[in-house]
Amino acid sequence: QAKTRGRSRYEFFNVELRRQMQRRLRLEQDLRDAVRLGKLWTAYQPVVDLRTNRMVAVEGLLRWTHPVHGAVPPMEFIPLAEESDLINQLGSHVLRVTTAELAARRARGLDVDLKINLSTRQLDDPGLIPEVERTLRTTGLPANALCLEITESALMRDSALASEALTALREIGVRLAIDDFGTGYSSLAQLQRLTLDTLKIDRSFVLELGESADAEAIVTSIIAMAHAVHLTVVAEGVENETQLDLLRDLGCDQAQGYYLGKPLPANELWG
Ligand code: C2E
Ligand code: MG
Ligand code: MG
Ligand code: MG
């Protein structure tokens with residue numbers, strides 16, 4: 001009895017594992033098709049200045065509506081794409097589409113900057129710098145209206161290629177942000193050396209604002225630290241008024257979150 005139970009448990013894991021691997025493989029193939037057929041789209045989420053309450057920027061977030069599974073979250077398909085060259089194609093797509101969209105809106109008088117996410121593989125790709133330069137030239141989007149977000153863990157990898165790319169991007173005049181701050185292990189010295197423009201406080205700290213004194217203390221010190229090295233601070237994941245009021249009181253510069261606006265297709269955000 002025990003023996004068969006043990007064996008069936010083993011088979012269960014085996015079957016489960018195989019099912020997961022098959023789903024990954026199929027998703028990867030579907031993602032390749034989606035890229036090729038232009039089935040990916042970008043949602044835009046407002047970033048609001050806490051002094052003026054004005055939308056000062058939007059973050060472009062990649063969306064994939066799968067023909068069978070429906071919306072596949074970026075948390076699932078971005079890591080999948082990062083395991084291959086696919087991420088560079090996705091990155092190029094997002095860069096091309098969002099800069100063109102924003103340049104067109106700005107030409108019609110909308111004064112809003114663009115933020116997009118970069119993965120480490122894009123930073124390590126020597127083609128990135130000429131691509132960014134070319135894109136800015138063809139769309140006419142000013143370099144300082146484009147902010148590239150890189151997660152804290154990606155920035156702390158200490159890759160020579162990546163730091164060369166960051167320097168080159170700064171020389172072009174593009175802005176740089178450290179994303180999901182607080183989830184990695186960067187020091188004040190590293191923050192200063194990286195010469196970034198913006199620091200985004202990870203959603204996990206904002207989530208507990210108003211409920212946990214620890215979270216408030218952490219957010220307070222992140223803001224102080226960021227301001228000490230002249231970074232603009234953005235809080236992500238603001239979901240209610242309590243969090244928003246606290247962030248404003250704590251001197252946070254900008255905020256983003258469902259309470260201020262969910263990520264939406266361009267035509268729903270601006271009409
Ligand atoms: P991120 O760059 O930190 O983007 C913020 C994420 O938080 C987005 O998730 C956004 O929809 C979500 N969010 C915003 N406000 C709230 C809120 O109030 N509550 C909650 N619960 N969530 C909120 P999303 O769109 O699912 O993207 C997840 C991550 O996938 C992004 O995190 C980013 O790391 C990555 N990603 C998305 N698009 C791209 C892309 O084009 N390229 C790369 N390399 N990564 C991307
Ligand atoms: Mg981001
Ligand atoms: Mg973020
Ligand atoms: Mg995040």
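Atoms within a ligand are numbered from 1 in the order they appear, just like the ligands themselves.
- Near Ser119, the atoms of ligand 1 lying under 4.0 angstrom from a non-hydrogen atom of the residue are 44 (N).
- Using a 4.0 Å cut-off to heavy atoms of Val94, the atoms of ligand 1 that qualify are 41 (O).
- Arg106 places a side-chain N or O within 3.5 Å of a backbone atom of Val112 that can act as its donor or acceptor partner.
- Short contacts between ligand 1 and Glu239, defined as distances under 4.0 Å to a heavy atom of the residue, involve ligand atoms 17 (C), 18 (O), 19 (N), 20 (C), 21 (N).
- Backbone or side-chain N, O or S atoms of Glu236 do not reach the Mg ion (ligand 2) at under 2.8 Å.
- Proximity of Gln45 to ligand 1, defined as any heavy-atom pair under 4.0 Å, is confined to the side chain (atoms from C-beta onward).
- Between Asp179 and ligand 1, at least one pair of N/O atoms sits closer than 3.5 Å.
- At a cut-off of 2.8 Å, Asp180 is not counted among the residues with an N, O or S atom near the Mg ion (ligand 2).
- Taking any N or O of Gln256, backbone or side chain, none lies under 3.5 Å from an N or O belonging to ligand 1.
- Each of the atoms 11 (O) of ligand 1 lies under 4.0 Å from some heavy atom of Pro263.
- Those atoms of ligand 1 with a heavy atom of Gly257 less than 4.0 angstrom away are 15 (N), 18 (O).
- Ligand 1 does not have Lys200 within reach: every non-hydrogen atom of the residue lies 4.0 Å or more from it.
- Note: no N/O pair closer than 3.5 Å links Leu118 and ligand 1 by distance alone.
- Residue Arg63 places a heavy atom under 4.0 Å from ligand 1.
- Residue contact check for ligand 1: Ile116 places no non-hydrogen atom closer than 4.0 Å to it.
- From Glu236, atom CD reaches atom CG of Asp202 across 5.5 Å, with rounding to the nearest 0.5 Å.
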